[in-house]
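The structure appears right after this line, and notes come after that.
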Number of protein chains: 2
Amino acid sequence: MIHKQKVRRSTRQRRLILDAVKDSLNHPSASDIYATLADSGIGIATIYRQLSALVEDGEIGSFEYQGEVRYDPIVQPHAHIVCSKCDKIWDVALPKGINNLAPTNDSFENFDVDLTWKGVCNDCR
Amino acid sequence: MIHKQKVRRSTRQRRLILDAVKDSLNHPSASDIYATLADSGIGIATIYRQLSALVEDGEIGSFEYQGEVRYDPIVQPHAHIVCSKCDKIWDVALPKGINNLAPTNDSFENFDVDLTWKGVCNDCR
DNA sequence: ATCACTATTGATAATGAATATCATTATCTT
DNA sequence: AAGATAATGATATTCATTATCAATAGTGAT
């Protein structure tokens with residue numbers, strides 16, 4: 001017997017958290033979103049729960065950097081550039097044709113790329 | 001006045017930790033190394049300290065995956081494949097010419113690539 | 001070898017991100 | 001409106017990692 005699909009409910013908290021990520025420009029962490037929504041009264045546990053759920057539902061993107069998960073309003077595949085001095089993160093297009101360079105063969109089915117360029121940004125030099 | 005260079009001492013602990021990473025095959029975490037060296041009596045703080053120092057000194061590599069830092073005996077630039085089911089990690093060559101695809105321009109000096117392919121391995125299918 | 005200097009160690013407390021628990025609240029379907 | 005249950009918020013807990021600090025042990029000079 002197949003597992004019954006758990007229905008996702010639309011709550012005030014979920015909407016606010018989604019909007020906060022969609023409106024973000026700095027690849028916020030969970031605590032960044034918590035701070036942004038400070039006067040909403042949303043608990044920190046809900047922030048974590050909904051961020052995970054939104055990623056799972058494909059509404060937002062995520063990646064980890066410096067020991068914490070960062071969230072991304074952009075869901076289309078793309079790469080990042082990070083400055084190792086100031087830890088700022090920029091979005092950048094994936095190199096054209098990168099998927100053709102994937103090590104896919106009959107022993108591994110490949111479906112996602114995580115690409116980050118690390119360097120020093122202009123401001124830090 | 002230039003900062004005085006702090007001299008790195010060669011200790012029993014450092015040698016054992018370096019050897020453990022160099023002999024590893026599974027991209028071990030700090031606690032993996034701690035477990036491997038359980039009967040050496042090395043404290044967990046020293047494991048963390050020396051792993052960081054070894055990375056800083058360019059003796060080993062590191063990257064983060066699933067909320068923890070993994071260490072790598074290979075220091076040459078290379079990519080990883082991870083299985084999202086069993087979390088196993090494989091080494092794989094960087095796509096040839098990837099550095100020519102870097103978004104380097106006069107506002108960002110690029111010196112490192114972090115590339116991970118994510119998929120499902122043969123065993124998990 | 002011994003000395004003096006100080007980097008390193010080990011035990012442990014502390015931090016910080018993320019998850020688990022659970023009684024209460026709010027959504028959704030009928 | 002009512003029943004079923006997903007979601008919430010407060011908080012305890014877990015887990016990886018770092019900070020603290022007295023004791024120990026490399027290292028270079030004598």
Side-chain angles (χ1 to χ4, degrees), chain A residues 2-21 24 26-57 59-72 82 87 89, chain B residues 3-21 24 26-57 59-72 82 84 87 89:
Chain A
I2 305 296
H3 229 293
K4 190 206 274 187
Q5 171 77 31
K6 188 166 158 178
V7 181
R8 195 78 78 188
R9 293 178 179 173
S10 172
T11 63
R12 179 183 72 94
Q13 291 85 343
R14 182 180 170 95
R15 288 187 296 273
L16 285 172
I17 293 167
L18 175 57
D19 288 349
V21 175
S24 73
N26 306 116
H27 304 87
S29 65
S31 53
D32 290 337
I33 297 295
Y34 183 60
T36 300
L37 299 177
D39 34 353
S40 71
I42 302 178
I44 186 67
T46 298
I47 299 286
Y48 278 102
R49 271 185 306 239
Q50 282 296 351
L51 286 171
S52 297
L54 288 165
V55 170
E56 192 179 310
D57 297 344
E59 302 270 14
I60 60 177
S62 75
F63 59 97
E64 51 181 312
Y65 181 59
Q66 299 278 305
E68 63 181 355
V69 176
R70 302 301 207 95
Y71 297 92
D72 200 322
V82 301
D87 282 340
I89 304 171
Chain B
H3 229 291
K4 191 207 272 188
Q5 171 79 33
K6 187 166 160 179
V7 181
R8 196 77 81 186
R9 293 180 179 176
S10 171
T11 63
R12 181 183 72 92
Q13 292 85 344
R14 183 180 169 97
R15 288 186 297 272
L16 286 171
I17 293 167
L18 175 57
D19 289 349
V21 175
S24 74
N26 307 114
H27 304 87
S29 65
S31 52
D32 291 336
I33 297 294
Y34 183 60
T36 300
L37 299 178
D39 36 354
S40 71
I42 302 179
I44 186 67
T46 298
I47 300 285
Y48 277 101
R49 271 184 304 238
Q50 281 296 351
L51 285 171
S52 297
L54 288 165
V55 170
E56 192 178 309
D57 296 345
E59 302 270 12
I60 61 178
S62 75
F63 59 98
E64 53 181 310
Y65 180 59
Q66 298 279 302
E68 62 181 355
V69 177
R70 303 301 207 94
Y71 296 92
D72 201 322
V82 302
S84 55
D87 282 341
I89 305 172

>> Rounded at 0.5 Å granularity, tell me how far CG in B/Leu51 sits from CD in B/Glu56.
In response: 12.5 Å
> Do any pairs count as a side-chain hydrogen bond (donor to acceptor under 3.5 Å, both in side chains) and have a residue in residues 30-39 of chain A, sequence neighbours left out, and if so which ones?
Replying inline: A/Ser29-A/Ser31, A/Ser29-A/Asp32
> Taking atom P of D/dT11 as reference, at what distance in whole Å does atom OH of A/Tyr34 sit?
Replying inline: 11 Å
> Hey, does A/Val21 have a side-chain heavy atom less than 4.5 Å from the side chain of A/Leu54?
Replying inline: no
> Roughly, in whole Å, what's the span from OH in A/Tyr48 to C1' in D/dT14?
Replying inline: 13 Å
> Picking from D/dA7, D/dT17, C/dT9, which would you name as closest to the side chain of A/Gln50?
Replying inline: D/dA7
> Roughly, in whole Å, what's the span from CD in A/Glu56 to P in D/dA6?
Replying inline: 14 Å
>> In whole Å, I'd like the distance from the CG atom of B/Leu51 to the P atom of C/dT9.
In response: 11 Å
>> Taking A/Arg8 first and then A/Glu59, would you say they form a salt bridge - that is, a charged N and a carboxylate O separated by under 4.0 Å?
In response: no
> Roughly how bent is the helix from C/dA1-D/dT30 to C/dT30-D/dA1 end to end, in steps of 10 degrees, with each end axis from five pairs?
Replying inline: 50°
> With a 4.0 Å cut-off, would you call B/Asp57 and B/Arg14 a salt bridge?
Replying inline: yes
> Just by protein heavy atoms under 4.0 Å, how would nucleotides 20-30 of chain D read 5' to 3' in B, S and -?
Replying inline: B----BBS---
